[in-house]
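Okay, so here's the structure we're looking at.
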Amino acid sequence: MSNTETFSNWENLVKKQLKTEDIYTVLKKENLEGIEVKPFYDVVEKPLVNLPKVEESTHLVATYHDTLEEDVFAFLLNENVENLIEKTIFINNRDLAEHISPEDNDQYFSLIDVFDEKSGSINDQLVKELLAKSFKRNICIDVSFHQNAGASIVQQLGTALAKTKELIEIYGAEILNKILFRLAVGGNYFFEVAKIRAFKLVFNQLSKEYGLDDIPYIFAETSLRNKSISDSENNLIRSTLELASAMIGGADAVFSTNYQIGNNTENSEEISFKQQIVLAYESIINVFEDASNGSYYIEDITQQIAEKSWQFFLEIEETGGYLESLKQGILQRKIYNQAVEEQKWVEAGKIKLIGVNLYPKLDVKKSEGELYDEKEIKAVRWAEMFE
């Protein structure tokens, strides 16, 4: 039986089940990314090569605690810790970075964003300080902030490219292999897998503009955007799926933000981290280079996201680049419009959050105007409308 006959048989069966000839209108699924999602895939027009990552196995990153030293190999540090031997360390604090002098058996990475969004500038002194360090990756470009502020996937990736371009113009293309990209992974499972894969495509494309063939180092953390104060156990479910997206997509490191919003404890930090352990040791999904390669659906949306992200990057460049778009308020308005539209989907129940807009415990509601500001990129959780 040919593919055409198989596809026709499938269509006829669905028409019979749905009792309509117009099955594609019924099966069409909206999304806020402008991505065309088909109800059925039987081929991918342009198969992608295997998309590599920098690390052989995805680092499972925990917030540092001395009880974890024996069993954990990658830590996020907010303050100095002496004598961490043969660990991978992600530095999250500028004061701490100033006093770090890595030994040969240490691996240090910076999570300190060198961009100041409020002033629309790059902290040149910070960049030079960090480049002087013998870190594995010295410079962090943070777009987790944009995801948590409601930016679309396309806006996040386009923004990451635009920030990269600003650094290249000042410090040269050799800075590319010194950059770590900090992304936040949301709850749209397959789209988030595709987001990480798409970023590898567009970053590589940008590097080729400078005669290079680089791949990005991706540090992926769970989103705060879809988390709520009440029913924190539901946050665990959401973040577990986000971690899976990051690992399957091919992130080089993953980190679980605390599932108890505003009430961090040692116990909640440990539980948050152990989500990664369960996924890695029970499912072994952190060792694959590109686990979703060959999936028709993910391949298709990966390429769509990559194309739209590159186009968004070019739009930012046409306004004068990332910093200029901030100074003119252009990027803030674009993200604001996206975030408000997304919030309206939550308000209407098109995006469902158990205990928030589905089976809510409290009858409280704020307006979009109370939550968002078109002149500022700021983190807002969907659930804040109902808290």
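Remark: side-chain polar atoms of Asn286 are not paired, donor with acceptor, to backbone N or O of Leu279 under 3.5 angstrom. No donor-acceptor pair closer than 3.5 Å links the side chain of Glu341 to the backbone N or O of Asn337. Put simply, the side chain of Lys28 never gets that close to the backbone of Lys38: no donor and acceptor are under 3.5 Å apart.
The existence of a salt bridge linking Glu324 and Lys165 is excluded, since no basic side-chain nitrogen approaches an acidic carboxylate oxygen closer than 4.0 Å. Contact check on Glu221 versus Arg182 returns a salt bridge, with a Lys/Arg side-chain nitrogen under 4.0 Å from an Asp/Glu carboxylate oxygen. Asp142 and Lys163 are not joined by a salt bridge, as no carboxylate oxygen comes within less than 4.0 angstrom of a charged side-chain nitrogen. Salt-bridge check for Lys308 with Glu33: failed, with every basic side-chain N at 4.0 Å or more from each acidic carboxylate O.
Contact of the Gln107 side chain with the Glu86 side chain is not registered, since no non-hydrogen atoms from C-beta on lie closer than 4.5 Å. Side-chain contact between Thr159 and Phe312 is present, with at least one heavy-atom pair separated by less than 4.5 Å.
By the 6.0 Å contact criterion, CZ on Phe190 is open, its count of non-hydrogen atoms from other residues, nucleotides or ligands being 12 or less. The 12-atom threshold is not exceeded at NZ of Lys128, counting heavy atoms of other residues, nucleotides or ligands nearer than 6.0 Å. Applying the 6.0 Å contact sphere to NZ of Lys274 captures no more than 12 heavy atoms from other residues, nucleotides or ligands.
Gln304 and Asp300 share a side-chain donor-acceptor pair at under 3.5 Å. Side-chain atoms of Glu266 and His65 include a donor-acceptor pair closer than 3.5 Å. In this model, no donor atom of one side chain and acceptor atom of the other lie less than 3.5 Å apart for Lys16 and Asn12. Side chains of Glu342 and Trp382: a donor-acceptor N/O pair is present below 3.5 angstrom, by distance only. Residues Asn264 and Glu269 bring no donor and acceptor atom of their side chains to less than 3.5 Å of each other.
Centroid-to-centroid, the aromatic rings of Tyr296 and Tyr41 stay 6.0 Å apart or farther. For Phe255 and Phe273, the gap between ring centers reaches or exceeds 6.0 Å. Ring centroids of Phe109 and Phe219 are separated by 6.0 Å or more, keeping the two rings apart.
Checked against Ile112 for a side-chain contact (heavy atoms from CB on, under 4.5 Å), the options Leu126, Asn92, Asn123 give a single hit: Leu126. Only one option out of Ser232, Ser268, Ser239 pairs with Asn258 in a side-chain hydrogen bond (donor to acceptor under 3.5 Å, both in side chains); it is Ser268.
Nearest heavy-atom pair across Arg94 and Glu129 is NH2-OE2, 3.2 Å.
Placement of Leu180 and Phe75 in two distinct hydrophobic clusters is found when ILVMFWY residues are connected by side-chain heavy-atom separations under 4.5 Å, directly or transitively. Placement of Leu323 and Ile316 within a single hydrophobic cluster is found when ILVMFWY residues are connected by side-chain heavy-atom separations under 4.5 Å, directly or transitively. Transitive grouping of hydrophobic side chains (ILVMFWY, heavy atoms separated by less than 4.5 Å) brings Ile170 and Ile141 into a common cluster. With hydrophobic clusters built from ILVMFWY side chains whose heavy atoms lie under 4.5 angstrom apart, Leu76 does not share a cluster with Val143.
Residues Tyr259, Ile271 make up the rest of the hydrophobic cluster containing Leu236, defined by ILVMFWY side-chain heavy atoms closer than 4.5 Å, directly or through other members.
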